[in-house]
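Comments concern the structure below.
In this chain, numbering begins with 1 at the start of the sequence shown. What you see below is based on every heavy atom in this structure, not just the backbone, and it leaves out hydrogens, waters and symmetry mates.
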Amino acid sequence: MATTPTPINHFIGGQTAAGTSTRTQDVFNPATGAVTGQVALANGADVNAAVAAAQAAFPAWADTPPIRRARVMFKFLELVNLHKDELAHLITAEHGKVFTDAQGEVARGIDIIEFSCGIPQLLKGDFTDQVSTGMDNWTLRQPLGVVAGITPFNFPVMVPMWMFPVAIAAGNTFILKPSPTDPSASLLMAELFKKAGLPDGVFNVVQGDKEAVDALLVHPDVKAISFVGSTPIANYIYETGAHHGKRVQALGGAKNHMVVMPDADLDQAVDALIGAAYGSAGERCMAISVAVLVGDVADKIMPKLIERTKALKVLNGTNLAAEMGPIVTAVAHQRITGYIEAGGKEGAQMLVDGRGFDASGVGEGCANGFWMGGTLFDHVTTEMKIYKEEIFGPVLSCVRVPDFAQAVQIINNHEFGNGVSCFTRDGNVAREFARRIQVGMVGINVPIPVPMAWHGFGGWKKSLFGDMHAYGEEGVRFYTKQKSIMQRWPESIGKGAEFVMPTAK
């Protein structure tokens with residue numbers, strides 16, 4: 001029986017709001033293909049209302065002692081832990097990733113909340129007494145004001161949590177513009193924050209598309225923008241935001257390689273490749289999409305990869321046996337299909353074809369979902385489209401190289417530099433790889449080297465626009481500005497005007 005799609009609105013000034021725009025977008029369950037919601041798409045007036053609410057809340061929140069802000073974060077942490085499975089179910093229902101993967105996403109977001117609870121320590125400044133006779137100098141960090149986060153569909157909980165817990169704990173007010181593909185989790189997070197005692201207006205959610213993004217980019221009261229998404233949009237966000245005087249961190253696309261050396265444990269390498277290439281249907285900015293097979297390892301590992309790719313358990317994400325769920329949207333499914341077709345035309349050897357996947361066994365009521373199996377290519381070259389561009393789907397391309405030096409060279413020549421991995425038993429190879437590879441996040445026998453909450457996330461080259469990584473101590477620096485204060489008292493000031501550059505005396 002057909003059901004009426006649920007309206008999904010904004011959260012502004014501590015309450016849900018329909019906004020003034022009449023535009024909406026359908027929200028789908030990717031497993032069934034059914035429309036489950038209709039999300040409001042904000043116009044400029046809706047964005048202005050959210051910014052006004054955040055601006056009004058900022059002075060009092062910035063003046064709130066860090067320890068009291070931390071207490072709100074601790075309560076929010078408690079509530080998120082209580083509702084973590086509810087958040088995971090929302091992710092699976094609107095994104096399609098398997099429930100256990102969604103639970104992992106929420107857990108990694110919780111790590112950032114825990115880190116943000118330490119904000120009193122993280123905001124401590126430096127002090128030097130007697131920098132000159134009778135004079136002291138110290139630094140402190142103060143919040144920027146209203147800041148905004150623009151986040152992607154593939155991690156509707158974790159990626160926003162890379163941003164807003166750090167920003168809010170540091171004393172800013174925040175506007176989240178989530179993906180309209182899977183927007184419901186953003187509202188649950190807003191409700192939990194309100195229950196935690198966060199003052200109205202400190203955290204706001206504006207649903208929308210490019211119109212909302214552009215309104216945030218040009219609004220004079222928005223002081224900083226954080227973004228995660230594709231490289232073309234990251235570049236646009238960075239250039240437009242910087243042009244309008246904003247601080248910007250914009251994380252872009254990726255083409256992550258995993259080097260398998262001849263001495264690697266092949267079973268471990270296969271496990272790593274299968275999980276990292278096909279987990280979350282490859283819709284991760286840290287997914288491994290290229291296996292770089294060194295020397296004779298290709299002939300040994302390929303039969304194992306073929307077998308495991310064909311045996312992937314592609315099921316409705318609510319089934320706890322599932323290893324991979326559906327593709328997020330029909331449009332994404334078409335785009336990935338186009339890449340697979342291009343790979344075949346360019347001469348790559350297709351060993352497993354995920355197109356035409358039989359969805360009859362994925363779950364009841366799922367015949368019209370956006371289903372696809374894993375695809376495996378061998379003999380891929382660096383000139384091919386499937387090697388050069390980010391596919392963002394369950395497609396693994398295998399490149400054969402004669403030696404370690406060639407593996408490093410092709411990775412360093414790629415325009416992206418987000419994540420990379422090397423599987424080896426050789427300590428010197430591991431050390432040289434970690435030092436010489438021109439990529440921001442490196443794993444040695446770790447396929448998806450996403451840094452923990454206190455280290456910070458960010459790539460190199462066209463995978464990051466801006467100077468500071470997300471979360472960790474760099475995240476604290478991004479959401480605060482340093483102030484240096486020099487002080488002396490009248491009794492220590494000598495008589496007479498000074499016309500030369502001040503020096504220590």
Side-chain angles (χ1 to χ4, degrees), residues 1-9 23-41 83-106 151-158 178-189 207 209 278-284 287 311-340 353-375 391-395:
M1 182 179 295
T3 57
T4 303
T6 302
I8 302 167
N9 293 321
R23 295 188 308 124
T24 61
Q25 179 173 315
D26 289 340
V27 177
F28 293 86
N29 180 334
T32 65
V35 176
T36 58
Q38 276 197 331
V39 61
L41 299 178
H83 293 270
K84 60 186 177 182
D85 282 353
E86 188 177 346
L87 283 166
H89 279 297
L90 287 173
I91 295 168
T92 297
E94 293 182 348
H95 174 275
K97 69 175 65 174
V98 302
F99 179 67
T100 51
D101 188 24
Q103 287 178 308
E105 172 186 340
V106 176
T151 57
F153 72 83
N154 58 327
F155 288 100
V157 170
M158 184 184 75
S179 169
T181 301
D182 42 14
S184 293
S186 63
L187 296 181
L188 178 53
M189 291 188 289
Q207 312 287 0
D209 53 10
Y278 302 123
S280 198
E283 295 168 333
R284 295 172 176 157
L312 275 173
K313 296 176 183 176
V314 184
L315 300 166
N316 188 340
T318 58
N319 187 331
L320 296 182
E323 295 173 335
M324 186 176 116
I327 305 301
V328 66
T329 62
V331 172
H333 191 284
Q334 293 167 4
R335 188 196 70 247
I336 297 162
T337 299
Y339 274 107
I340 296 171
D353 187 351
R355 297 171 297 175
F357 175 77
D358 181 6
S360 61
V362 298
E364 185 178 352
C366 294
N368 296 320
F370 313 132
W371 296 98
M372 177 179 287
T375 294
I391 299 173
F392 224 65
V395 181

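The shortest distance between side-chain heavy atoms of P394 and I327 falls below 4.5 Å. Using a 4.5 Å heavy-atom cutoff, the side chains of I8 and L187 are in contact. A 4.5 Å side-chain heavy-atom check between H95 and P30 finds every atom pair outside the cut-off.
The ring pair (Phe, Tyr, Trp, His ring centres under 6.0 Å) search around Y278 returns none, not counting sequence neighbours. The salt bridge (charged side-chain N to carboxylate O under 4.0 Å, His left out) test applied to D353 returns R355, not counting sequence neighbours. The side-chain contact (heavy atoms from CB on, under 4.5 Å) search around P180 returns Q25, V39, L41, K177, not counting sequence neighbours. For the side chain to side chain donor-acceptor pair (under 3.5 Å) test, no residue two or more places apart in sequence or in another chain qualifies with H89. Not a single side chain to side chain donor-acceptor pair (under 3.5 Å) links T92 to another residue, sequence neighbours left out. Under the rule for a side chain to side chain donor-acceptor pair (under 3.5 Å), the partners of T181 that lie at least two apart in sequence or sit in another chain are S179. Judged as a side-chain contact (heavy atoms from CB on, under 4.5 Å), and not counting sequence neighbours, the contacts of V35 are P5, D26, F28. Here D209 pairs with R23 under the salt bridge (charged side-chain N to carboxylate O under 4.0 Å, His left out) rule; sequence neighbours left out.
Looking at every heavy atom in both residues, E283 comes nearest to V328 through OE2-N, 3.2 Å. Summarising the geometry of A281 relative to P326, their closest heavy-atom pair is CB-O, 4.0 Å, with the distance given to 0.1 Å. Residues L315 and A322 approach most closely at CB-CB, 3.7 Å, considering heavy atoms. Nearest heavy-atom pair, D85 versus F99, reported as atom, atom and distance to 0.1 Å: O-CE1, 3.8 Å. Counting all heavy atoms, side chain and backbone alike, A287 lies closest to G282 at CB-O, 3.8 Å.
Q207 places a side-chain N or O within donor-acceptor distance of the main-chain N or O of N9, the cut-off being under 3.5 Å.
Legend: salt bridge (charged side-chain N to carboxylate O under 4.0 Å, His left out) pairs involving residues 94-104, not counting sequence neighbours, sorted by first then second residue: K97-E105, D101-R284. For the side chain to side chain donor-acceptor pair (under 3.5 Å) condition, the pairs that include at least one residue of residues 318-335, sequence neighbours left out, are N316-T318.
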List the atom pairs, with distances to 0.1 Å, where a side-chain N or O of residues 364-371 and a protein N or O form a donor-acceptor pair under 3.5 Å, not counting sequence neighbours.
from: W371; atom 1: NE1; to: A31; atom 2: O; distance (Å): 3.2
from: W371; atom 1: NE1; to: C366; atom 2: O; distance (Å): 2.9

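With values rounded to the nearest 0.5 angstrom, H83 atom NE2 is found 11.5 Å from L90 atom CG. Between the CD1 atom in I91 and the CG atom in D182 there is a gap of 8.0 Å [rounded to 0.5 Å].
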task = Could you check T375 against I336 for side chain to side chain contact (heavy atoms under 4.5 Å, CB included), going step by step and ending with a plain yes or no?
result = CA-CA 10 Å; T375 294; I336 297 162; over 6 Å; no

